Novice: 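I'd like to ask some things about the structure below.
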Amino acid sequence: MTDLTGRRALVTGGTRGIGAAIARHLSQAGARVVVSARSPGDHDGAAHFIAADISTPDGPPHLAARALEYLGGIDILVDNAASQTVVPQGVLAMTDADWLADLNSSLLSAVRLDRAILPSMIAAGGGAIVHIGSNAARLPRPAALAYAAAKAALATYSKGLATQVGPDNVRVNLVSPGVIETSAFAARLRALADGDGTDIATARERFMATFNIPLGRPGTPDDVAALVTFLVSPSAGYLAGTNHVIDGGLLPTV
């Protein structure tokens, strides 16, 4: 088991799905954890909850101040919060508002929160940051291209940030999940089933046939959380500026 006793962690989007699993794994490893989201959602009390909308310019500094006050410092930051705008008609039907919504929630939220927390992390002697990206950055769907572009930009930003703050003993890494069984995945299957007039089992079978994941199954939030927990631990002390794809072998290597 990874030992994070004494570490202090902030996980955005931490009340459901991948974020909730990450918060749980960090807590089980001994860290004190703060989670944030617009609303409590499925939060079960395993970590301290702070309400924040970090898609706005004022949200990240507000969250950073409250989390730093509660924890007394932040050693681990997991930027997981994001949203995805889906426009079935494709990219030409996307408005500026659609693009700005995804850039704010999936890129600038991380940029602003890092900017608010990094000075204290550097002053304390170091830390670990993990940005949650997406395989959509390399396998974009036209209906969600703004989200994919924001995640691609997040990958470039993560590498550049890692280069800058590495000398300050802050490790920045990116985790890019593929198809993960979250509530959003379940809603997508329901929409497919309703659209085709079938049931969930049939929709799932068709979905899996379309994606043809080599391991034969979607990932779970715990799969992603275990990887993130390793990356913020001393066991990953020489990993920085990397993009860890966790997709069951779906994407090609180049």
Side-chain angles (χ1 to χ4, degrees), residues 4 6-24 26-27 31-85 96-134 146-147 150-151 153-154 157-158 160-162 164-165 168 170-175 184 225 228 232:
L4 297 177
R7 302 295 179 91
R8 300 156 297 183
L10 170 61
V11 181
T12 66
T15 60
R16 62 181 183 176
I18 290 172
I22 291 170
R24 184 175 66 254
L26 295 179
S27 295
R32 292 176 60 211
V33 181
V34 165
V35 297
S36 76
R38 292 188 181 99
S39 63
D42 300 329
H43 179 55
D44 61 4
H48 181 71
F49 172 74
I50 297 176
D53 180 359
I54 63 170
S55 68
T56 66
D58 295 335
H62 168 75
L63 172 59
R66 292 190 60 189
L68 286 166
E69 180 182 12
Y70 178 81
L71 292 170
I74 293 174
D75 309 296
I76 296 166
L77 172 61
V78 182
D79 285 309
N80 170 67
S83 64
Q84 181 178 125
T85 302
D96 282 3
D98 294 329
W99 280 92
L100 290 172
D102 282 8
L103 288 170
N104 273 309
S105 65
S106 297
L107 172 64
L108 292 177
S109 60
V111 172
R112 292 165 177 152
L113 190 57
D114 293 346
R115 189 166 59 211
I117 289 175
L118 268 167
S120 63
M121 192 178 278
I122 291 170
I129 297 174
V130 173
H131 296 144
I132 304 300
S134 172
Y147 170 81
K151 289 299 189 181
L154 181 66
Y157 164 69
S158 299
L161 182 64
Q164 179 170 340
V165 301
D168 297 305
V170 177
R171 297 185 300 104
V172 181
N173 291 288
L174 180 73
V175 169
V228 171
V232 302

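In this text the structure is predicted, and so the values were computed from the model without any measurement. Positions are given from 1 along the sequence.
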Novice: Quick one, I22 and V33 - any side-chain contact, counting heavy atoms below 4.5 Å?
Specialist: no
Novice: Mind checking what makes side-chain contact (heavy atoms from CB on, under 4.5 Å) contact with T56, not counting sequence neighbours?
Specialist: D53
Novice: Supply the atom-to-atom distance S158 OG to K151 NZ, rounded to the nearest 0.5 angstrom.
Specialist: 9.0 Å
Novice: Among residues at least two apart in sequence or on other chains, which ones pass side-chain contact (heavy atoms from CB on, under 4.5 Å) with D98?
Specialist: T85, V87, M94, T95
Novice: With sequence neighbours left out, what residues match S109 under side-chain contact (heavy atoms from CB on, under 4.5 Å)?
Specialist: I54
Novice: Tell me the closest heavy-atom pair linking A150 and S106, and the distance in Å.
Specialist: CB-CB, 3.9 Å
Novice: Indicate the atoms forming the closest heavy-atom contact of D102 with S83, along with that distance.
Specialist: OD1-O, 3.5 Å
Novice: Got a donor-acceptor contact below 3.5 angstrom from the D75 side chain to the R8 backbone?
Specialist: yes
Novice: Ignoring hydrogens, what is the shortest heavy-atom contact between A82 and Y147? Give both atom names and the distance.
Specialist: CB-CE1, 4.4 Å
Novice: List the atom of S39, the atom of T15, and the distance in Å for their closest heavy-atom pair.
Specialist: O-OG1, 3.7 Å
Novice: With R7, which residues qualify under salt bridge (Lys or Arg N to Asp or Glu O under 4.0 Å), at least two apart?
Specialist: none
Novice: Could you measure the distance from the CG atom of L113 to the CD1 atom of I74? Nearest 0.5 Å is fine.
Specialist: 7.0 Å
Novice: Between NE2 of H48 and CG of L71, what distance do you get to the nearest 0.5 Å?
Specialist: 8.0 Å
Novice: So, T12 side chain and N80 main chain: donor-acceptor pair closer than 3.5 Å or not?
Specialist: yes
Novice: Tell me, which pairs form a side chain to side chain donor-acceptor pair (under 3.5 Å) where one or both residues lie in residues 59-70, sequence neighbours left out?
Specialist: none
Novice: Provide the closest heavy-atom pair for G133 versus L154 in the form atom of the first, atom of the second, distance.
Specialist: CA-CD2, 4.1 Å
Novice: What's the spacing between I129 CD1 and L10 CG if we round to 0.5 Å?
Specialist: 10.5 Å
Novice: Between CD1 of I132 and CG of N173, what distance do you get to the nearest 0.5 Å?
Specialist: 10.5 Å
Novice: Per the side chain to side chain donor-acceptor pair (under 3.5 Å) rule, what does the pair list look like for residues 110-125, sequence neighbours excluded?
Specialist: N104-R112, D114-H131, D114-Y157
Novice: Could you state the interatomic distance from CG (L68) to CG (L63), rounded to the nearest 0.5 Å?
Specialist: 9.0 Å
Novice: Do I18 and V228 have side-chain heavy atoms sitting under 4.5 Å apart?
Specialist: no
Novice: Would you please test S36 and V11 for side-chain contact (heavy atoms from CB on, under 4.5 Å) and show each step?
Specialist: CA-CA 6 Å; S36 76; V11 181; over 6 Å; no
